[in-house]
Amino acid sequence: MNDFPPAYDPGATEEKWYKFWQDNGLFTPDPRSGKPTYTIMIPLPNVTGRLTLGHTLNNSIQDILIRYKKLNGFETLWMMGMDHAGIATQVVVEDKLRSEGTNKADLGREKFVAEVWKWKEQYAEVIRKQIRKMGFAVDWTREQFTLDERYSQQVIRVFAALYDKGLLYRGEYIINWCPRCGSALSDEQVETEEIPGKLYYIRYPVKDSNDLVTVATTRPETMIGDTAVCVNPGDNRYTHLKGKTIILPIMKREIPVIFDEYVDPEFGTGALKITPAHDAYDFILARKHGLELINIMNNDATMNENAGQYQGLNRDQVREKVLKELEEQGLLERTEKYRLPLAKCERCSTPIEPRISKQWFVRMKPLAEPALKAVAEGRIKLHPKRWVNLYNHWLENVRDWCISRQLWWGHRIPVYYCPICHDGSSETDQGMIVSERRPDSCPVCGNKQMRQDEDVLDTWFSSWLWPFVTLGWPDETEDYARFYPTQTLVTGWDIIYLWVARMIMAGIEFTGKIPFSDVVFHPMIRDEKGRKMSKSLGNSPEPIDLIEKFGADALRFGIQLITPREQDVLFSEKTVDVGRRFCNKLWNAARLIAINHADQEAGIPEKLTPYDAWILKETDQTIERVNDYYRGFELNNIARELYGYVWHQFCDWYLEFTKLAPTVQVPRFLLKQIIIMLHPFLPFITEDLYQRFSFGKKSIMLESWPGRIAVKDDTGSVIKYKELIEEIRVVRGIFRFAPKEELSVVIKTSDRFRIFIAGNLPVIKKLAGVGSVEFDRPVDGPCATIVLSEVECFVMLTGLDPNKEKQRLLNELSFLSGRIDEIRNRLVNPGYLEKASEVTKSGEQKRFDDFIDKKAKIERMMKRL
RNA sequence: GGGCGGUUAGCUCAGCUGGUCAGAGCGUCGGUCUCACAUACCGAAGGUCACUGGUUCAAGUCCAGUACCGCCCACCA
């Protein structure tokens, strides 16, 4: 057994088998096979960084499903690819440049983009390595990147198509502006956090009177851009302000008082200052009431020329100065503590500035309707179901999607402006062309200096096309015909809006088909104390480190084992260690079979030993349960089920039996079934064992998933035998028999079971430490009594204290009495008799009889002590 | 302000359509180096299933409310 070491060493096998699979094209499907297809699109990782444990969880679920389906005869495709991740990537590259003492402005657009490409190449390789290490069966031959040439062309095409359909528009609106990234963000790319802040009460003088109106605001600095004060028309306190003009303090600007139901009289003073260029709702009010818009900020959130003496200062500095000045003028009435939501950039956590800006938007309502229907009609199923609520809520209230980004890294917007004909306004399309290709000249004036829009598209504007562009759409390619629509999407719920809903919309809109039929949401990973994983806390382990320490299989198995269905995962290394030990257990079980059953066939013979029949029945039940769990995507329960079956049925009992009953026939057969069932979770070790045992196919990946096993033989004797052995072990423990002391037992039982025991004496002797077995002999002297149905077993207590045995029996009796009373009450209950099913009733009755039986026997045994 | 999820042994979690559902793993304690595995084996202890009502012959299991924990959405400055 030199080549079968007693401990499993993942490091020695993993790399080899991954290469083996890849070299043999096992990850690459054949579109021309007649098999049904099963496709999963990987949620494209950002090239920005390395994969986290979250990816490990996410991807291993997909790998398990892919491998399971492949074993079940499907032509499987797991599409690999990465996302250019516009802002995220640009941010990190900018940081890198800064640390090198340069910046993107110095480089210029072209050089900067080239720099990002270099970065991308480097990090894509890190991600690929991580995926290989984990054993993921992604199809490398089809790998794609959202900025690949062909992919980019389709993104641009889609932009033009949406424009032609009237689903795109450009306009000046309040958008979320990240001053740090210098770009617009979509609503979904903003995160809000509640922070302690203050509510400032500021007095605004009324023109031509001594009146003052007090407004409440959390952002006093924006008053520089105020263009009105708004009150509720039903608010009696302010009716006298009708037609009045306010003198805006500091700026000395005259602004009107407007009336709108929007204002809540209960909040603050009931008077609201309106800053249309820097607040989303103020902007809407301004449009409604025809107010002036004053933009007071630059791109980096410093004040511009409209801010007068404050020009050049940043937001915090202005706030301080404005407050100071107001105070000096006696216009700051008071301040109070207030918790307010602060909107921050998802990527760099800089506070968002709502800002007027000219951007491109997608009209979402028309896209949302069919997407809602697809889920409502069950054509797309979400797992767990409860996510449907969230999905519906977002789509029913969907707002238009701001897709332009003021970045350089991304798909440049295919819009061209004629420097002569286009007047720069957003209201007219004069001199503006939306085109997949750069137009040679302006179709109106013939000018050849057409200028392309400087902006790029939101990353998600490319990734929402992922399921079909990767397969060749819009061309009717073989891949597209065979693998689209895909089947399962596996993702975290955090991108249900950003990605899932949008893919559904895009799929239906552009291909006319739903892009996938099941969406499996998995929880988020937290550390063992329930904290979010983050770099700063240092609680985010590197998957690669864990693989090196425990093995990839161990990591995959452990993480599935602890992933709950409804709650976040609390991760700790301990769980990976459980996986590691499980692998070692499996390894050693195989090793035992290799030693003891080297020459056996890996099939089921005609005639079974009772042990074979018993374990085959257990195996069959396990297969059934595992299949059920797969149907509901309950991978945690599959891991649990297989763990329990392999360890506690197969190893603890069956393999022990095989040592004592050498006529057993199915160890090799079972080993083969077991490693096939475990293969989706533990690809490396199972392939390694498969090859060691030469089970037939070139790779375990080409095997077939175990079918159900029909077992006709009665397995009752083995089950009873196990119980008897367990009970004797308990007696050993209670009476502190020395480990090597051999017990003498006398057994009274039915003829059948007596014959069974007599024919299998080595088993009870070894597993229960029994020296002599006698049947039906009168028992004399103190003994411990074990009562099972049809069996009485007396363990001779030579030299031991019978009082302790009495105590045990008393305990047993009191337990039984409790159970008997409980069931009796039920059985005489008229409601129960009327309503319980026959199956239930007969089961209960049988249990009742068993207990009564046991009790009577124990009572008899008590007398004997 | 709406909405969702969770609350079961010390810890992390299973418990589907109400009647063997009071479970597993880890941890703890006691005992074994038994020739596949001490990365193991054998055994034990530990919970009135968050709380309060209700439905039912019968409730971790269904309903309502309460309390904590977590999350999502929302234009109250």
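So you know, we letter chains A, B, ... as the sequences are listed, proteins then strands, and number each from 1.
Each of A:Tyr645, A:Tyr643, A:Tyr8 was checked for a ring pair (Phe, Tyr, Trp, His ring centres under 6.0 Å) with A:Phe582, and the lone residue meeting it is A:Tyr643.
Side-chain atoms of A:Asn636 and A:Ile562, non-hydrogen and from C-beta on, never get closer than 4.5 Å to each other.
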Restricting both atoms to N or O, compile the protein contacts to nucleotides 34-36 of chain B shorter than 3.5 Å, with distance only.
residue: B:A36; atom: O3'; partner: A:Arg591; partner atom: NH1; Å: 3.3
residue: B:A36; atom: O2'; partner: A:Asn588; partner atom: OD1; Å: 2.2
residue: B:A36; atom: O2'; partner: A:Arg591; partner atom: NH1; Å: 3.2
residue: B:A36; atom: N7; partner: A:Lys659; partner atom: NZ; Å: 3.1
residue: B:A36; atom: N6; partner: A:Glu656; partner atom: OE2; Å: 3.0
residue: B:A36; atom: N3; partner: A:Asn588; partner atom: O; Å: 3.0
residue: B:A36; atom: N3; partner: A:Ala589; partner atom: N; Å: 3.4

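Shown here are the ring-ring contact (aromatic ring centres under 6.0 Å, His included) partners of A:Phe650, two or more places apart in sequence or in another chain: A:Tyr654. Scored by the ring-ring contact (aromatic ring centres under 6.0 Å, His included) test, A:Trp401 finds A:Phe461, A:Trp464 as partners (sequence neighbours excluded). In this structure A:Tyr497 satisfies the side chain to side chain contact (heavy atoms under 4.5 Å, CB included) test together with A:Glu188, A:Leu390, A:Trp394, sequence neighbours excluded. When the side chain to side chain contact (heavy atoms under 4.5 Å, CB included) test is applied to A:Pro249, the partners found at least two apart in sequence or on another chain are A:Tyr204, A:Pro205, A:Met223, A:Leu326, A:Leu331. When the side chain to side chain contact (heavy atoms under 4.5 Å, CB included) test is applied to A:Leu372, the partners found at least two apart in sequence or on another chain are A:Asn392, A:Leu395, A:Glu396. Among residues two or more places apart in sequence or in another chain, the side chain to side chain contact (heavy atoms under 4.5 Å, CB included) test is passed with A:Asp400 by A:Tyr169, A:Phe361, A:Arg363, A:Met364. Annotation: ring-ring contact (aromatic ring centres under 6.0 Å, His included) contacts of A:Phe684 (sequence neighbours excluded): A:Trp21.
Taking the ring centroids of A:Trp387 and A:Phe521, they lie under the 6.0 Å cut-off.
For residues 263-278 of chain A, the set of pairs meeting the salt bridge (Lys or Arg N to Asp or Glu O under 4.0 Å) definition, not counting sequence neighbours, comprises A:Asp226-A:Lys273.
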Exercise. Using Watson-Crick and G-U wobble pairs whose two distances are both under 3.5 Å, how do you write the pairing of RNA chain B as dot-bracket, with | for links to another strand?
Worked result: (((((((..((((.....[...)))).(((((.......))))).....(((((..]....))))))))))))....
For this session: Going 5' to 3' through nucleotides 59-67 of chain B, assign each nucleotide B (protein heavy atom under 4.0 Å from a base atom), S (under 4.0 Å only from sugar-phosphate atoms) or - (no protein heavy atom that close).
Result: ---------
For this session: Scan nucleotides 2-13 of chain B nucleotide by nucleotide, 5' to 3', and note B when protein non-hydrogen atoms come under 4.0 Å of the base, S if they reach only the sugar-phosphate, - if neither.
Result: --SSS-----SB
